[in-house]
Amino acid sequence: MRSVEEQRRAKQQNALERMFADYGYLGPGVTDLLQTIKGYASSRAGNPSAIPGDIRSVGGMLYDTISEDPSGFAMDALLAPFSGVRDFANVRQQAREARAAGDDETAGMLEQAAVAAGLSAVPIAGPLLARGARGVRRFAARPPKPTAPPASRRFSVTPEETPGKSTGQRPDIRTGSKQTRARYQGAAPYLRDGQDVLYTSQGVPTGTRTGTGAYINSAGELEMNPVNVTSFDAPDTDAALEEIKAIEKFRGINSAQEAMAGNRPVADPYGNARLFDMGRLPSEAEMAFLTKNVPEGFGATSTQGGALVFPFRDDTGYAEARGAMLDFEPLAAKYLKTEPSRVVNRGFYAPAVGKFDADYNVIPTEPFSGEATMSMLSDFAQLDPSVSRNLANSADVRDVLQRKYNLDEGMPGTRRDIQNTRQFFSDPRFADVVELIRRGMAPAAALAALGYSAGTLAAETPQ
């Protein structure tokens with residue numbers, strides 16, 4: 001006579017044999033399971049460095065699961081051989097119902113989920129996939145088509161006008177009073193009737209709020225300068241992001257900034273950034289607190305309705321970010337009186353007149369090399385020709401650059417190469433230089449063709 005344990009194993013084996021007996025019972029969606037895996041591999045083929053981040057994200061998910069329900073996790077591991085068989089039957093039935101209703105997409109996903117449930121019943125895979133059984137039960141309980149969280153169309157940039165320390169431009173402004181910096185920012189504004197002229201030149205309406213930015217400069221000093229948080233609608237595409245980066249680099253070079261930044265927080269439960277949504281811009285004290293206390297490798301910036309804490313490295317994984325912000329999150333939540341949400345930042349942080357070292361610190365570049373201007377022109381040449389042409393043809397953009405030139409001309413600490421760069425970009429013919437580069441001419445030669453010398457223009461190492 002067989003023991004209870006032997007009877008249990010026989011029953012489980014019979015169930016498994018029935019489960020995987022024939023293709024028709026499993027459903028046609030099962031054939032997509034391999035394709036799903038292959039699709040993931042293909043999507044990461046061009047970016048293999050992202051795979052460790054994906055693995056870390058799964059690890060973080062398991063960590064969260066164990067933390068939230070340790071006893072449930074243990075029970076899943078113990079009871080997986082039974083729950084897997086039950087879940088398979090439940091999900092497979094829902095798949096059949098979806099097929100009968102003509103919803104082949106949902107049916108295919110449920111059939112793949114059923115196989116995952118079945119695998120959790122296999123003794124070898126069970127302890128590893130047991131948690132998948134609970135996930136399948138949750139999934140099966142809400143069969144509507146799964147969709148990715150909608151990406152926000154709203155993008156924010158956070159430009160300052162106080163010249164960067166490493167640029168050496170007008171140090172009297174940076175070391176002056178708050179009123180001095182505010183007057184300087186207001187003397188040659190990019191705003192006309194509340195609209196940012198760099199984006200209105202592209203036909204994009206904007207909204208701008210004025211606040212205070214906090215920034216650790218190239219010397220490791222905390223700067224608190226006036227900042228315009230300018231927001232606008234933009235497609236969530238790589239092409240749109242590159243255009244925004246080019247426009248902000250154009251602003252950054254002409255405003256003698258060390259770096260420039262933009263942000264688009266998108267909700268993601270395994271995101272590596274944190275959004276503190278306060279319904280307003282952070283105060284000067286709040287930005288100072290965040291900037292002083294963010295973990296190493298992270299920055300803080302204003303966004304359209306709060307503050308965003310983000311990693312400088314795009315490939316920072318969920319688990320790494322979670323570990324780095326373990327102490328910071330509750331501290332910041334208490335200070336800001338709002339709980340953070342997990343997001344990914346589909347934005348950028350990049351040098352303007354400067355370059356990054358290995359630790360993302362801005363370091364100075366040699367003046368009069370012309371690298372900043374040539375780098376800017378090369379960037380424009382990679383974009384749709386209308387971007388540079390619209391800037392060049394905008395009377396408002398040319399007026400801002402001319403005002404900046406007049407504001408600094410003859411003042412102590414004014415860099416001649418930056419002044420020359422402002423004059424160059426005030427000339428509508430700069431778009432012709434971009435076109436020559438687009439056709440294959442070297443940037444220095446293209447500049448010379450229109451009578452400019454690269455050696456008289458602003459410096460930056462191309463990134």
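Along the sequence shown, the residues carry numbers beginning at 1.
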How would you list, by chain and number, every residue that makes a side-chain hydrogen bond (donor to acceptor under 3.5 Å, both in side chains) with [X], sequence neighbours excluded?
X    : value
N406 : Q402
T230 : T208
K292 : none

So, [X] and [Y]: side-chain donor and acceptor under 3.5 Å apart, yes or no?
X    : Y    : answer
Q419 : R422 : yes
N263 : Y349 : no
Q304 : S156 : no

Which heavy atom in [X] sits nearest to a heavy atom in [Y], and how many Å separate them?
X    : Y    : answer
V294 : A300 : CG1-CB, 4.0 Å
D314 : N272 : O-ND2, 3.8 Å
S302 : M287 : OG-SD, 3.7 Å
P205 : G203 : CD-O, 3.6 Å

Exercise for review: Provide the full list of salt bridge (Lys or Arg N to Asp or Glu O under 4.0 Å) pairs with a residue in residues 191-210, sequence neighbours left out, each pair given once.
Suggested key: R192-D399, D196-R251
Review point. What residue pairs, at least two apart or across chains, pass salt bridge (Lys or Arg N to Asp or Glu O under 4.0 Å) with a residue in residues 299-309?
Key: none
Under 3.5 Å, which donor-acceptor pairs do the side chains of residues 325-338 form with other protein atoms, sequence neighbours left out?
from: E329; atom 1: OE2; to: R274; atom 2: NE; distance (Å): 2.9
from: E329; atom 1: OE2; to: R274; atom 2: NH2; distance (Å): 3.4

Exercise for review: Report yes or no: does R154 contribute a side-chain atom to a donor-acceptor pair with the main-chain N or O of R264 at less than 3.5 Å?
Suggested key: no
Exercise for review: Taking salt bridge (Lys or Arg N to Asp or Glu O under 4.0 Å) as the test, write out the residues that go with D172, two or more places apart.
Suggested key: R170
**Study point:** F348: partners by ring pair (Phe, Tyr, Trp, His ring centres under 6.0 Å), with sequence neighbours left out
**Key:** none
Point to revise | Test ring pair (Phe, Tyr, Trp, His ring centres under 6.0 Å) applied to F425 - qualifying residues, sequence neighbours left out | key: F250, F430
Practice item. Determine, using ring centers only, whether F298 and F310 are less than 6.0 Å apart. Key: no
Practice item. Could you note down all residue pairs passing side-chain hydrogen bond (donor to acceptor under 3.5 Å, both in side chains) where residues 238-247 supplies at least one of them, sequence neighbours left out? Key: none
Under 3.5 Å donor-acceptor pairs involving side-chain atoms of residues 180-188, not counting sequence neighbours:
from: T180; atom 1: OG1; to: S177; atom 2: OG; distance (Å): 3.0
from: R181; atom 1: NE; to: G176; atom 2: O; distance (Å): 3.4
from: R181; atom 1: NE; to: S177; atom 2: O; distance (Å): 3.4
from: R181; atom 1: NH1; to: M224; atom 2: O; distance (Å): 2.3
from: R181; atom 1: NH1; to: N225; atom 2: OD1; distance (Å): 3.0
from: Y184; atom 1: OH; to: D408; atom 2: OD1; distance (Å): 3.0
from: Y184; atom 1: OH; to: D408; atom 2: OD2; distance (Å): 3.0
from: Q185; atom 1: OE1; to: E161; atom 2: N; distance (Å): 3.4

Review point. Does any non-hydrogen side-chain atom of P428 lie less than 4.5 Å from one of R398?
Key: yes
Check your understanding: Would E320 and R313 pass as an ion pair if we require N to O under 4.0 Å?
Key -> yes
**Study point:** Any residue meeting side-chain contact (heavy atoms from CB on, under 4.5 Å) with S341, in chain and number order, not counting sequence neighbours
**Key:** L275, V343
Practice item. For side chain to side chain donor-acceptor pair (under 3.5 Å), just list the numbers for D268 and Y318, CA-CA rounded to whole Å, side-chain angles, deciding distance to a tenth of an Å, and then say yes or no. Key: CA-CA 10 Å; D268 187 330; Y318 162 78; over 6 Å; no
